[in-house]
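Below is one structure; the comments refer to it alone.
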Amino acid sequence: MKEWIVRLAGEIAPSGSEGRIASVLLDAVQDLADETHMDALGNAIATKHGDGPHVMIAAHMDEPGVMVIDIDDNGYLRVIPTGGLTASETAFRQVTFTNGTIGLVCLEDGEKRPEQFDQLYIDIGAKHRQEAESRAFIGLSGVIGGSVTEVGNGRLLGRALDNRVGCAIALQAFRDLAQRGLHVSVVFTAQNAPGARAAQAAAFALEPDLAIVVDATPASDVPGGKRTALQLGAGPAFKVMDAGTVAPLAVKQLVEDTAHALGITLQYEVWPSGRSDTGAIQLTRAGILAAGISYPVHTAGAAEAMVDLADVEVTLRLLVASVQAYRK
C-alpha cells in the first residue's frame, strides 16, 4: 500500500484537473474490470459484474489547490483557493501548477500576516507580464506542498495524503473484491474539494445497492484538537455524521458486526463541520444506501497531512470484509 500511496500522492490533481491521476487509477484496475470510463464530470469509474448486490466504493482523487485569476505587469500572479486552503497555510510555500510551472507564494509588503488571498501573490521568476504569460494563464490550477516522506513509526507525511490514501484503499479493495467474483464498482471522484460535486453524478449512473465512501477524518490527539475522540494509529472510523450526512443504521450495524468479527476496534467519526461525498451520494435518485469508512489523519483537509500506515491496512481489511458481508 505504501508504494501506491506515494505514487498517487505524487500526481498534481487540484479540483477540476484530475485527468492524469484518473488515467493512472483506471490503468491499475483495467485488468480486472469489465468496464472502465471517465464521465463528463471527470470521475474515473470501473465496474466488475459478478455475484451479489452491486456495491460502489468511492474515494475522491482531487486535492485542494489554487487557481490563477490575474497576472500583473511585473509578472506576478494572483490566485484564489479551490477547496479549503487558507491564506495563512499557503503563504511562504512553494506552489506547483498543473503545467509544471513552479512559484513561491509571497505576502504583500507591509502585511504582517496573511488573512485573505488578495494579500498574496505568486512569484514564478518572471520579469514582466509577457514572460509570465508564457508560463501561466488565467484559470491555471496548482497545489501547495511537497512530496511524501516516511517520518518514522510507520507514519507518512506529505501533500495530498487526504485523499490519495483513500484512493489506494479503494483501488486495492476493488481488486480484492473483483477477484472474488462480486459485483462491485469503484469510483475515483472528481471535484470533492469545492463541494462533493461529481460523486452524485456517478452514483446516479451506477445506481448501486450500497455505496461506501473512503475518506480522511481529523484525529484529535494533537494540542488543541477538536473533541472528536479520534486518534491516529487507533484504526478506522465509521462516519456516523458530518455536515452532509447521517449514517443509515443498517450500514452502521453491518460495519460494526464486521469489525467485531475481525477483532478490529472501531472508532466513530462525528464531524459536524466536515463534508464528504457520502451525503451527495445518499441524495441521488430516490436515495441510495451510503455511508463512510474513514482513516484518521493529522490536518485533514489541509495541503499536507500525516497518516499511519497501520490504519490504512486495517481500513482496507474492514472495507473488503464489510462489502463481502453485505446482503441486500
Side-chain angles (χ1 to χ4, degrees), residues 1-2 4-5 29 32 46-59 154-155 163 165-187 206 208-221 228-242 245-271 276-278 281-282 288-297 307-328:
M1 291 292 288
K2 174 185 171 183
W4 265 113
I5 291 169
V29 297
L32 290 172
T47 297
K48 175 67 176 180
H49 299 289
D51 300 328
H54 182 196
V55 179
M56 167 181 159
I57 300 170
R155 295 183 173 183
N163 185 40
V165 169
C167 290
I169 292 170
L171 185 162
Q172 188 58 54
F174 175 82
R175 293 191 61 84
D176 290 351
L177 293 163
Q179 288 173 330
R180 289 173 166 84
L182 299 185
H183 188 184
V184 61
S185 293
V186 63
V187 182
L206 292 172
D209 298 304
L210 170 68
I212 299 180
V213 176
V214 187
D215 206 344
T217 187
S220 55
D221 56 341
T228 59
L230 293 168
Q231 296 182 359
L232 201 65
F238 180 79
K239 181 186 287 291
V240 179
M241 174 209 173
D242 67 17
T245 182
V246 175
L249 292 178
V251 187
K252 182 173 181 284
Q253 191 66 57
L254 167 70
V255 175
E256 286 179 331
D257 290 346
T258 304
H260 179 74
L262 294 175
I264 293 172
T265 300
L266 192 63
Q267 302 192 83
Y268 292 92
E269 175 192 343
V270 178
W271 189 10
S276 72
D277 287 335
T278 310
I281 292 170
Q282 282 182 329
I288 288 178
L289 194 65
I293 295 178
S294 309
Y295 56 94
V297 302
V307 64
D308 193 307
L309 289 171
D311 290 336
V312 177
E313 296 293 343
V314 181
T315 302
L316 173 61
R317 286 178 56 213
L318 178 62
L319 174 60
V320 170
S322 295
V323 174
Q324 288 181 282
Y326 175 63
R327 296 294 181 267
K328 186 176 178 182

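For the atom pair CG (Leu171) and CG (Asp176), the distance works out to 10.0 Å, reported to the nearest 0.5 Å. To the nearest 0.5 Å, atom CD of residue Gln324 and atom CG of residue Leu319 are 10.0 Å apart. Atoms NE2 and CG, from His54 and Asp209 in turn, are 8.0 Å apart once rounded to the nearest 0.5 Å. The CG atom of Leu249 lies 12.5 Å from the CG atom of Leu254; values are rounded to the nearest 0.5 Å. Between the CG atom of Leu210 and the CE atom of Met56 there is a distance of 10.0 Å, given to the nearest 0.5 Å. Between Asp277 atom CG and Ile212 atom CD1 the span is 14.0 Å, to the nearest 0.5 Å.
In this structure, the side chain of Ser220 engages the main chain of Leu230 through a donor-acceptor pair within 3.5 Å. No donor-acceptor pair closer than 3.5 Å links the side chain of Arg317 to the backbone N or O of Glu313. Looking at Asp51, its side chain never comes within 3.5 Å of a backbone N or O of Leu182 through a donor-acceptor pair.
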Next item on the list: Begin from the C-alpha positions of Met1 and Leu309 and carry the test side chain to side chain contact (heavy atoms under 4.5 Å, CB included) through to its verdict.
Entry: CA-CA 8 Å; Met1 291 292 288; Leu309 289 171; 5.6 Å; no

Margin query: Could you walk me through whether Phe238 and Val251 satisfy the side chain to side chain contact (heavy atoms under 4.5 Å, CB included) test, starting with their C-alpha distance in whole Å, then the side-chain angles of each, then the deciding distance to 0.1 Å, before giving a yes or no?
Written below: CA-CA 10 Å; Phe238 180 79; Val251 187; 4.3 Å; yes

Checklist line | Ile169 and Val312: CA distance, side-chain angles, deciding distance, side chain to side chain contact (heavy atoms under 4.5 Å, CB included) verdict | finding: CA-CA 7 Å; Ile169 292 170; Val312 177; 3.9 Å; yes

Next item on the list: Give the intermediate values and the outcome of side chain to side chain contact (heavy atoms under 4.5 Å, CB included) for residues Thr47 and His183.
Entry: CA-CA 8 Å; Thr47 297; His183 188 184; 4.3 Å; yes

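Within 6.0 Å of NE2 in His49 there are more than 12 heavy atoms belonging to other residues, nucleotides or ligands.
A heavy-atom distance below 4.5 Å is not found between the side chains of Gln267 and Thr217. Looking at heavy atoms from C-beta onward, Leu177 lies in side-chain contact with Ile57 at the 4.5 angstrom threshold.
Closest heavy-atom contact between Ala247 and Lys239: CB-O, 3.3 Å. Between Pro236 and Ile293 the shortest heavy-atom distance is CB-CG2, 4.3 Å. When all heavy atoms of Asp221 and Leu232 are compared, the pair lying nearest together is OD2-N, 3.2 Å. The shortest heavy-atom contact between Val214 and Asn163 is O-ND2, 3.1 Å. Listed here is the closest heavy atom pair of Glu256 and Tyr268: OE2-OH, 2.6 Å. Across every non-hydrogen atom of Leu266 and Ala259, the tightest pair is CB-CB, 4.3 Å.
For the 3.5 Å distance criterion, the side chains of Asp215 and Ser276 fail to qualify, holding no donor opposite an acceptor.
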